[in-house]
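Note that these values count all heavy atoms, side chains included, but never hydrogens, waters or copies made by symmetry. Within every chain, numbering begins at 1; the chains are lettered A, B, ... in the order of the sequence lines, protein sequences first and strands thereafter.
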There are 2 protein chains.
Amino acid sequence: MNTIFKALSHPVRRQIVVMLRGGPMSSGQIAEAFDMAWPSVTAHLKVLRRADLVDAERDGTSIRYRLKISAAEEAMAFLIEMFGSASGVASREQTLREESEPA
Amino acid sequence: MNTIFKALSHPVRRQIVVMLRGGPMSSGQIAEAFDMAWPSVTAHLKVLRRADLVDAERDGTSIRYRLKISAAEEAMAFLIEMFGSASGVASREQTLREESEPA
DNA sequence: ACTGTAATTAGATTTATGCCTAATTGCAAC
DNA sequence: GTTGCAATTAGGCATAAATCTAATTACAGT
């Protein structure tokens, strides 16, 4: 649980999660999207992997990262438990869409 | 949004949130609950306040901290947005612990 | 085996967190 | 106004996080 929130506490990592929502991506594709050195992105991916928010598998010469929702559901359950039921949450789903802050 | 996840990324701060779920508490009451120096707890409360997860008001000689759910709902909405639709979230509240149904 | 591309690991540096003790502020009661 | 308790701020220190460049590993194609 700790690792999940920690992982999501960095804007780059949340952005990666957002991107993977559209389907699996290679490490290189992800790295390209950010104005930072590739190894830095790799480090972020490592954090996400340790939090079990993504998994990775080799695909030929590249490595494909893919979203895993199970861990995120835990975080969601925590929030629901802490801050009340999901009432009104669906309506906020709209408001949130512009999140995606860049690095 | 960043501050919210950052705030929730520390176990002590999540614990404080849990405690405040049961109603407002004074700074001293909160500090007592942890095996750490009071100023350290104060620092955590500051982080929670900056994340707008709690607010504080003076009550005579002490200061009462109280949970604010609005910011938490944003975080929840983010998770819902990222890891699946809101469909079934309420019902999932029950079954989340063991189940890990794929998206 | 050699070369080129994909990705990670290693190592170093800077900045941010988390913790402590000591000093300070705010209020209440005397 | 001074004493006492509640709480925060200040200052210092140790560990962790985020970033970079350089070196390394892994695979594909030749």
Spacing of A:Arg50 atom CZ relative to D:dA18 atom P, expressed in whole Å: 10 Å

Sugar-phosphate, base or nothing in reach of A:Ser27, heavy atoms under 4.0 Å: sugar-phosphate

DNA chain D: 5'-proximal contact among A:Val47 and A:Gly60 (nearest heavy atom): A:Val47

Student check: side-chain heavy atoms of A:Ile16 and A:Tyr65 closer than 4.5 Å: no

Atom pair distance, as rounded to whole Å: NE2 in A:His10 and P in D:dA16: 18 Å

Sugar-phosphate, base or nothing in reach of B:Arg13, heavy atoms under 4.0 Å: sugar-phosphate

Between C:dG26 (P) and B:Asp59 (CG): distance, integer Å: 17 Å

Heavy-atom donor-acceptor pair, A:Arg14 side chain to A:Leu8 backbone, under 3.5 Å: yes

Position toward the 5' end of DNA chain C (nearest nucleotide), A:Leu45 or A:Lys6: A:Leu45

B:Lys46 side chain, from C-beta outward: closest of C:dA6, C:dC20, D:dT9: D:dT9

For atom CG of B:Asp35 and atom P of C:dC20, their distance in whole Å: 8 Å

Gap between atoms CE and P, on A:Met36 and D:dT21 respectively (whole Å): 12 Å

Phosphate-side-chain proximity, A:Tyr65 and C:dT8, N/O vs OP1/OP2 below 4.0 Å: yes

d(CD, A:Glu32; C1', C:dT5) in whole Å: 13 Å

Which residue lies more 5' along DNA chain C, comparing B:His44 with A:Arg58 via nearest heavy atoms: A:Arg58

Test item: B:Ile63 and B:Glu57 side chains (from C-beta on) under 4.5 Å apart, heavy atoms: no

Integer-rounded Å distance: C:dT8 P and A:Glu57 CD: 13 Å

Touch class at under 4.0 angstrom, heavy-atom based, for B:Phe34 against every strand present: nothing

Sugar-phosphate, base or nothing in reach of A:Ser62, heavy atoms under 4.0 Å: sugar-phosphate

Cationic N near anionic O, under 4.0 Å, B:Arg66 to B:Asp55: yes

Touch class at under 4.0 angstrom, heavy-atom based, for B:Thr42 against every strand present: base

Nearest-0.5 Å distance, CZ of residue A:Arg13 to NZ of residue A:Lys6: 9.5 Å

Between D:dC5 (C1') and B:Trp38 (CH2): distance, integer Å: 8 Å

Listed nucleotide nearest any side-chain atom of A:Thr61, set C:dT5, C:dC19, C:dT21: C:dT5

